[in-house]
Structure formats: structure tokens, C-alpha cells
Amino acid sequence: MKPYPKYKDSGVEWLGEIPEHWQVKRLKSLARIKNGQDYKLVHTDEPIYPVIGSGGQFAYASQYLFKGESVLLGRKGTVDKPLYVNCAFWTVDTMFYTEINNNTFPKFLYYSALTIPFAYLLTNTTVPSMTQDDLGNHLFAFAPLEEQKAIAHFIDRKLEQIEQFIRNKKRLIELLNEQKTAIINRAVTKGINPNAPMKDSGIGWLGEIPAHWEVVKLKFLAKRITDGEHISPKLVSEGILLLSAKDIRDKEILYDVDKFVSIEDAKQFWLRCKPKMGDVLIVSRGATIGRVAIVEDEIHFCLMGSVILCRLKSEVVSLFIYFALNSNYAQKLLFFSSAASAQPAIYITDIAELAIPIPTLQEQNQIIDYLESESKKINIAIAQIEKEIELIQEYRTTLISDAVTGKIDVRPNSLIETTLTA
């Protein structure tokens with residue numbers, strides 16, 4: 001995209017040069033900044049209006065504070081996420097709303113507001129806060145009204161294209177993850193030899209398995225199945241790491257935490273459950289219920305009761321059990337086990353009774369090598385797509401900034417001609 005034909009110094013360091021026919025104006029000269037107010041929730045057949053906070057709409061009020069287009073700006077808490085609204089609404093007292101002047105196109109003001117350097121304007125308080133004076137005195141590059149409209153419409157079109165691009169990429173990631181799951185499902189239930197003779201597993205959901213495999217309950221494959229402590233210990237500033245469900249990632253464990261217990265308390269934890277290399281950890285409660293990881297580091301830590309530990313016998317490989325527990329077959333069983341509880345949870349008995357199709361030790365290692373190779377290929381593809389999404393999001397930010405500060409000329413030809421002859 002091309003720049004404007006002529007520029008001038010804006011006199012504002014962060015703005016630099018702006019198009020010759022543009023101006024620099026303070027936000028308070030473009031719109032009146034108003035305080036939001038407390039509201040009351042209603043349950044009525046009368047008209048109700050959205051109540052909007054920094055996170056968007058979250059309730060309804062029986063009357064509106066403002067009707068029409070407005071740009072909402074955070075006053076306290078989440079202050080760096082301006083919102084564009086075009087309806088009757090009420091906004092809470094942690095937000096400012098704006099009554100926009102006639103010479104300012106609301107969507108242009110909104111996109112300009114996205115470029116405000118909020119980090120530099122925050123007041124020095126425990127809760128991030130923004131003052132009306134600081135916002136009102138912030139300087140914007142300001143274009144003629146028709147040009148504002150052209151810029152806003154250009155950004156609208158570009159953002160829709162970018163959002164469609166991101167949706168397509170995210171769908172591709174979903175498909176790749178589905179492909180990885182399908183590969184794991186087949187490998188841990190059918191093996192990797194397509195010519196292997198098959199037999200009925202005796203389990204409806206599992207179907208046929210290779211004739212030389214056995215279906216074994218996990219309690220017969222494990223030396224021990226237990227879980228972490230169900231008490232809340234006293235935390236200390238340094239000591240032994242205390243991990244819970246939120247620290248269990250897919251296959252990996254997050255050790256970069258700030259929760260510690262004393263060595264004395266750790267010894268009490270370890271009487272029940274002391275993780276060591278090769279142990280399989282399964283999240284038994286919370287949002288990530290059923291997630292599986294393997295202890296692969298010589299790091300001492302304690303576990304809370306939201307994680308189950310499975311220590312395996314020598315005839316089974318931890319990584320094979322990790323993949324088996326991530327199969328659709330196992331995850332469905334764990335899901336139905338947890339759903340049967342009043343409070344969704346997986347219990348030690350659920351894990352112990354889980355039936356796993358088991359090949360020979362040699363074949364387990366062959367399947368592991370195959371799955372790690374295939375997973376790596378898919379993970380590389382996903383990482384590349386995620387990088388593309390990250391780059392397009394950075395481009396989106398740059399595009400908005402460049403358009404509303406006049407670094408690029410997005411005017412249609414008719415508007416360019418009007419400007420040149422004015």
C-alpha cells in the first residue's frame with residue numbers, strides 16, 4: 001500500500017509525520033468522555049439493555065445510559081481494550097463511554113483508540129487505572145470526516161479477511177489434531193501391522209485387537225496407583241515444589257510454579273505419594289480432567305489430590321500407557337466415569353479398572369517410535385500454522401495503526417481527487 005503524497009511534522013514524537021492535510025487533536029475535542037454508573041439487574045417483561053464492562057456484555061439493565069454509537073474505554077481493571085458499541089446500553093462505573101462529536105466517525109475513533117499507549121498512561125495503583133484527564137489529553141492524528149469513513153471501512157474489510165484467515169487456520173489445526181488422535185487410536189488398539197491377525201477384544205467400544213495382544217486392567221500393569229494429598233498445607237517462600245492439576249500439561253509437567261511446602265510437610269506428602277521418573281500422572285479433577293503426563297525429570301515435588309499417580313511394572317512402557325490413555329477409547333471411559341459422580345472426578349478405582357490392550361514389550365516400543373515420529377510431523381505443522389496466526393495478528397495491529405495515523409493511503413480514487421483539488 002502506498003503512502004500519502006505529502007507529509008508534515010505532527011509535532012508529536014510517537015506520531016511522527018502525518019499527511020499534510022491532517023490535524024492533531026486531543027481525544028476530548030473529538031468526544032465527551034463520560035463515567036459509567038452502577039446498575040441494577042432486572043427480571044421484567046419491560047425492555048432491557050446490555051450492561052457492558054471491560055470484558056463485554058455480562059448482564060441487563062432496565063434502562064439505558066446511552067443510545068447510539070460509542071467507544072468505551074476502561075477506567076479501572078482491564079483498561080487496554082477499547083470497545084465499539086452501536087446500540088442502547090448501560091456501562092458500569094469501571095468504564096468510560098463517549099459521546100462522539102459530529103465531525104468524528106465513531107469507527108475511526110474506535111480504531112484510533114486501539115493505538116493508545118495505555119501502559120504509559122496507567123496511574124501507579126494496585127489495580128490498573130486510567131484517568132479521564134489522561135485519556136482526554138491523548139493526541140490523535142485526525143483526518144477529514146469523509147476520509148475517516150474511508151479508513152474505517154477499509155479496516156473493516158481487512159479485519160474481516162484477517163478473521164476469516166484465522167478461522168481457516170484454526171480449523172486446520174483442529175483437523176490436524178483430529179488426525180493425530182486417529183493415528184494414536186489406531187496404533188494403540190490395532191497396532192501398526194495392517195496384516196496382523198485380529199480377534200474380538202470382548203469390549204464393545206474397543207472392537208477387534210491383534211490376536212497376540214491381551215486386554216489387561218491397569219491395576220495389573222501397575223505397581224501402585226495412588227493420588228496426591230487432599231489437605232491444603234502451609235505454603236512457604238522456598239522449599240519443595242507443590243504441583244496440582246493446573247501444572248499438568250499434555251505429556252509434560254510445568255515446574256515453573258511459585259508454590260512450595262517445607263521439607264517436613266513434603267515428607268508427609270511422600271508417605272502417600274512420592275513421584276519419580278517414569279510415573280504416569282492423570283488429572284482427576286478440574287477443567288483438564290483426563291489429561292496425562294509423564295515424570296521425565298529428576299525433580300522432587302509433591303502432588304495435590306487433583307492428580308492420580310500410576311507407577312508401572314517393567315512389562316509395560318510409560319509412553320505406551322500415555323498414548324493408550326490419550327486414545328478416544330480410554331478418554332471416553334474416563335469421561336463416563338467422571339460424569340457418573342455428583343462432582344465430576346476420576347477416582348483411583350476408575351483408573352485401576354481401566355482395561356488396556358497390551359502388545360509385547362518390543363511392539364510397545366515400536367508403536368511408541370511410530371507415534372512419536374507421526375506426532376512430531378503433525379506438531380511441526382501445527383506450530384507453523386500457529387506462527388502464521390501470530391504473524392497475521394501482528395499485521396492486524398500494524399495495519400490499524402498505519403491506517404489511522406496516515407502511514408498508508410487507503411482512500412478511493414474519488415476521495416483522493418477531491419482532496420487534491422480542495
Side-chain angles (χ1 to χ4, degrees), residues 183-193 196-199 201-203 206 209-229 241 243 248-253 255 266-267 269-284 290-303 305 307-327 329-331 333-334 337 346-376:
I183 291 171
I184 292 172
N185 288 340
R186 178 159 189 85
V188 299
T189 60
K190 312 298 180 189
I192 56 177
N193 178 6
M198 307 296 283
K199 68 177 181 183
S201 67
I203 300 175
L206 187 53
I209 61 173
H212 61 289
W213 289 27
E214 297 295 332
V215 176
V216 185
K217 288 185 177 180
L218 197 52
K219 65 183 177 183
F220 297 121
L221 300 170
K223 296 177 184 177
R224 190 178 185 196
I225 301 176
T226 186
D227 58 3
E229 275 288 0
L241 287 169
L243 306 183
I248 305 303
R249 298 296 189 259
D250 181 27
K251 191 171 181 261
E252 299 178 344
I253 300 168
Y255 294 106
K267 289 177 180 178
F269 268 76
W270 291 338
L271 290 175
R272 178 183 180 90
C273 172
K274 186 176 183 180
K276 69 177 188 178
M277 287 274 287
D279 287 346
V280 177
L281 306 182
I282 305 133
V283 175
S284 60
R291 181 176 286 175
V292 186
I294 300 174
V295 180
E296 297 181 306
D297 303 282
E298 293 281 5
I299 296 177
H300 294 301
F301 62 92
C302 298
L303 275 178
V307 182
I308 292 173
L309 179 149
C310 182
R311 184 164 297 153
L312 301 167
K313 295 178 180 177
S314 58
E315 61 263 31
V316 65
V317 183
S318 297
L319 262 174
F320 182 82
I321 295 301
Y322 160 79
F323 283 120
L325 291 175
N326 273 291
S327 67
Y329 160 70
Q331 286 288 315
L333 289 178
L334 293 175
S337 296
I346 300 169
Y347 296 95
I348 291 174
T349 51
D350 299 324
I351 296 297
E353 294 296 320
L354 192 64
I356 305 287
I358 298 293
T360 65
L361 195 58
Q362 180 184 7
E363 196 171 352
Q364 288 178 48
N365 284 311
Q366 290 172 346
I367 291 171
I368 289 167
D369 290 343
Y370 167 75
L371 288 177
E372 288 199 313
S373 174
E374 293 300 307
S375 295
K376 183 178 180 181

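Any value given below was found using the heavy atoms of this structure, including those in side chains, with hydrogens, waters and symmetry copies removed.
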Exercise. I351 pairs by side-chain contact (heavy atoms from CB on, under 4.5 Å) with which of L309, V280, I225?
Worked result: I225

For this session: Give, for atom CD1 of I367 and atom CG of N193, the distance between the pair rounded to the nearest 0.5 Å.
Result: 10.0 Å

Seminar exercise, completed: Scanning both residues in full, the closest heavy-atom pair of L206 with S201 reads CB-OG, 3.5 Å

For this session: Heavy atoms only: give me the nearest N185-S327 pair and the separation to one decimal.
Result: OD1-CA, 3.1 Å

For this session: Answer yes or no: are there more than 12 heavy-atom neighbours, outside E252 itself, under 6.0 Å from its atom CD?
Result: no

Problem set entry | Backbone N/O of C273 and side chain of T226: donor-acceptor pair under 3.5 Å | no

For this session: Drop me the distance from K219's NZ to C310's SG, to the nearest 0.5 angstrom.
Result: 13.0 Å

Seminar exercise, completed: All heavy atoms of V317 vs all of Q364, minimum pair found to be N-OE1, 2.9 Å

Exercise. Taking C-beta and beyond as the side chain, do I209 and I203 meet within less than 4.5 Å on heavy atoms?
Worked result: no

Exercise. Considering all heavy atoms of both residues, which atom of P357 and which atom of W213 are nearest to each other, and what is their separation?
Worked result: CB-CE3, 3.8 Å

Problem set entry | Residue pair F323 / E372, side-chain heavy-atom distance below 4.5 Å | yes

Exercise. Parallel, tilted or perpendicular for W270 and H300, by the 30°/60° rule?
Worked result: tilted

For this session: Decide yes or no for M198 and P210: does some side-chain heavy atom of the first lie under 4.5 Å from some side-chain heavy atom of the second?
Result: yes

For this session: Would you check if I183 and Y370 make a side-chain contact, meaning some heavy-atom pair closer than 4.5 Å?
Result: yes

Exercise. Can you tell me how far the CD atom of E214 sits from the NZ atom of K199, to the nearest 0.5 Å?
Worked result: 4.0 Å

For this session: Evaluate whether atom NZ of K267 has more than 12 neighbouring non-hydrogen atoms of other residues, nucleotides or ligands under 6.0 angstrom away.
Result: no

Exercise. At their closest point, which heavy atom of I253 faces which heavy atom of I294, and how far apart are they?
Worked result: CD1-O, 3.8 Å

Exercise. If you round to the nearest 0.5 Å, how far is CG of L371 from CG of L319?
Worked result: 9.5 Å

Exercise. When rounded to the nearest 0.5 angstrom, what is the spacing between NZ in K223 and NZ in K313?
Worked result: 9.5 Å

Exercise. Between L354 and L325, is a side chain to side chain contact (heavy atoms under 4.5 Å, CB included) present by the stated rule, with each step listed?
Worked result: CA-CA 9 Å; L354 192 64; L325 291 175; 3.3 Å; yes

Problem set entry | Stepwise side chain to side chain contact (heavy atoms under 4.5 Å, CB included) test for I368 and Y322 | CA-CA 10 Å; I368 289 167; Y322 160 79; over 6 Å; no

Exercise. Backbone N or O of G278 within a donor-acceptor pair of the E296 side chain at under 3.5 Å?
Worked result: no

Exercise. Does a side-chain heavy-atom distance below 4.5 Å link E374 with I184?
Worked result: no

Problem set entry | Distance in Å, N365 CG paired with T360 OG1, rounded so as to fall on 0.5 Å steps | 9.0 Å

For this session: Please test L333 against I346 for side chain to side chain contact (heavy atoms under 4.5 Å, CB included), starting from the C-alpha separation and ending with a verdict.
Result: CA-CA 10 Å; L333 289 178; I346 300 169; over 6 Å; no

Problem set entry | Closest contact, heavy atoms only, R249 versus A293 | O-CB, 3.6 Å

Problem set entry | Min side-chain heavy-atom separation F301-V295 under 4.5 Å | yes

Problem set entry | Test item: D227 and S284 side chains (from C-beta on) under 4.5 Å apart, heavy atoms | no

Exercise. Is a donor on one side and an acceptor on the other found under 3.5 Å between the side chain of D369 and the backbone of Q366?
Worked result: no

Exercise. Heavy-atom distance under 4.5 Å between the side chains of I248 and L243, does that happen here?
Worked result: no

Exercise. Quick check: does any side chain N or O of E229 sit under 3.5 Å from a backbone N or O of R272, one acting as donor and the other as acceptor?
Worked result: no

